[in-house]
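Heads up: the structure comes next, in structure tokens.
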Amino acid sequence: DVKVTQSSRYLVKRTGEKVFLECVQDMDHENMFWYRQDPGLGLRLIYFSYDVKMKEKGDIPEGYSVSREKKERFSLILESASTNQTSMYLCASSFRDRGLYEAFFGQGTRLTVV
Amino acid sequence: KNEVEQSPQNLTAQEGEFITINCSYSVGISALHWLQQHPGGGIVSLFMLSSGKKKHGRLIATINIQEKHSSLHITASHPRDSAVYICAVRGAARQLTFGSGTQLTVLP
């Protein structure tokens with residue numbers, strides 16, 4: 001019973017390409033998040049959205065943009081991929097601003113930019 | 001200084017051992033999460049707590065709000081428990097702040 005689905009497990013892209021990472025959740029969650037995970041740095045928040053068409057920058061938004069046209073789908077866009085964006089990308093979702101509501105994570109997308 | 005500190009960073013144990021992973025945080029929180037990440041990347045939520053103690057099978061999580069500290073215990077550890085364990089806290093904002101994780105390896 002998969003709840004948060006990321007479109008790809010592994011991606012290899014060339015420097016300068018525009019890259020789309022897709023995330024879909026089936027739990028009617030308002031909040032959706034994009035993180036990147038790097039060794040020694042843990043998970044860092046790139047962008048999040050708490051409603052359709054709403055987005056807020058996280059800790060490291062530079063070089064990224066997002067789109068949330070439908071409640072269940074949150075897309076991360078790398079406008080012009082660079083090698084320093086090689087990382088594991090994780091999507092998560094949760095109910096709106098409820099401290100005790102758990103977050104559900106996707107399986108991750110390992111992106112390599114060459 | 002990171003807002004969420006975990007220790008140890010790496011832990012190797014023999015099968016059957018009792019394991020403790022610690023998490024300290026420096027901000028006021030509404031909830032603390034313990035997460036498990038297996039090789040391959042997927043993250044699973046183990047516990048979410050705001051006070052006291054929770055138990056699920058061989059896993060126990062405790063939190064002391066006054067001391068800003070939480071522990072994750074694994075009793076009778078097994079090689080399948082090998083994973084990265086991540087502590088995350090939710091403050092006033094909607095998003096989580098994560099610790100850097102503890103890599104646990106349980107040897108048969």
Side-chain angles (χ1 to χ4, degrees), chain A residues 1-6 8-11 21 23 27 29-51 54-61 74 87-111, chain B residues 1-10 21 23-54 56 59 61 63 65 70 83-103:
Chain A
D1 57 341
V2 177
K3 300 180 187 299
V4 181
T5 304
Q6 293 182 228
S8 304
R9 291 295 303 273
Y10 300 95
L11 273 180
L21 302 182
C23 176
M27 294 167 286
H29 285 165
E30 294 88 359
N31 298 335
M32 296 188 74
F33 308 85
W34 274 107
Y35 300 92
R36 64 177 283 176
Q37 185 180 32
D38 301 288
L41 297 177
L43 281 91
R44 292 179 293 166
L45 181 65
I46 305 171
Y47 267 98
F48 66 102
S49 168
Y50 52 89
D51 206 345
M54 303 298 287
K55 60 184 179 183
E56 289 195 24
K57 293 180 179 179
D59 299 320
I60 50 164
F74 191 36
S87 186
M88 168 72 87
Y89 290 87
L90 287 145
C91 173
S93 70
S94 70
F95 285 110
R96 186 195 304 276
D97 199 23
R98 302 285 187 90
L100 292 180
Y101 275 58
E102 64 181 310
F104 292 85
F105 288 82
Q107 75 277 29
T109 297
R110 190 168 293 281
L111 173 67
Chain B
K1 185 180 186 300
N2 291 334
E3 291 183 348
V4 183
E5 297 275 357
Q6 279 186 244
S7 63
Q9 284 191 322
N10 293 282
I21 300 171
C23 176
S24 296
Y25 53 92
S26 58
V27 296
I29 66 168
S30 58
L32 182 143
H33 300 246
W34 281 103
L35 309 168
Q36 181 191 57
Q37 185 176 31
H38 277 285
I43 291 178
V44 174
S45 177
L46 298 175
F47 292 104
M48 183 176 50
L49 63 167
S50 59
S51 64
K53 174 180 174 179
K54 286 191 175 180
H56 181 69
L59 301 178
I63 188 168
I65 297 294
S70 176
V84 175
Y85 292 84
I86 302 169
C87 170
V89 300
R90 186 188 308 277
R94 304 168 195 270
Q95 62 267 38
L96 295 171
T97 302
F98 296 84
S100 56
T102 296
Q103 173 69 62

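Predicted model only: the values in this text are computed from it and were never measured. Naming: A, B, ... by sequence-line order, numbering from 1 per chain.
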Return the minimal non-hydrogen interatomic distance between B/Ser100 and A/Gly40, and the atom names on each side.
-> CB-O, 4.4 Å
Side chains of A/Gln37 and B/Val84 in contact at under 4.5 Å (non-hydrogen atoms) = no
Considering only heavy atoms, which portion of A/Arg9 lies under 4.5 Å from any heavy atom of chain B: side chain, backbone, both, or neither?
-> side chain
Answer with side chain, backbone, both or neither: which region of B/Gln9 has an atom nearer than 4.5 Å to a non-hydrogen atom of chain A?
-> neither
Got A/Leu43 and B/Ile43 here, is their nearest side-chain heavy-atom distance under 4.5 Å?
-> yes
What heavy-atom pair brings B/Ser45 and A/Ala103 nearest, and what distance separates the two atoms?
-> CB-O, 3.9 Å
Working to the nearest 0.5 Å, report the span between OG of A/Ser94 and CZ of B/Arg90.
-> 5.0 Å
Between atom CG of B/Leu96 and atom OH of A/Tyr35, what is the distance when rounded to the nearest 0.5 Å?
-> 4.5 Å
Please tell me if the side chains of B/Leu35 and A/Phe105 come closer than 4.5 Å, counting only heavy atoms from C-beta onward.
-> yes
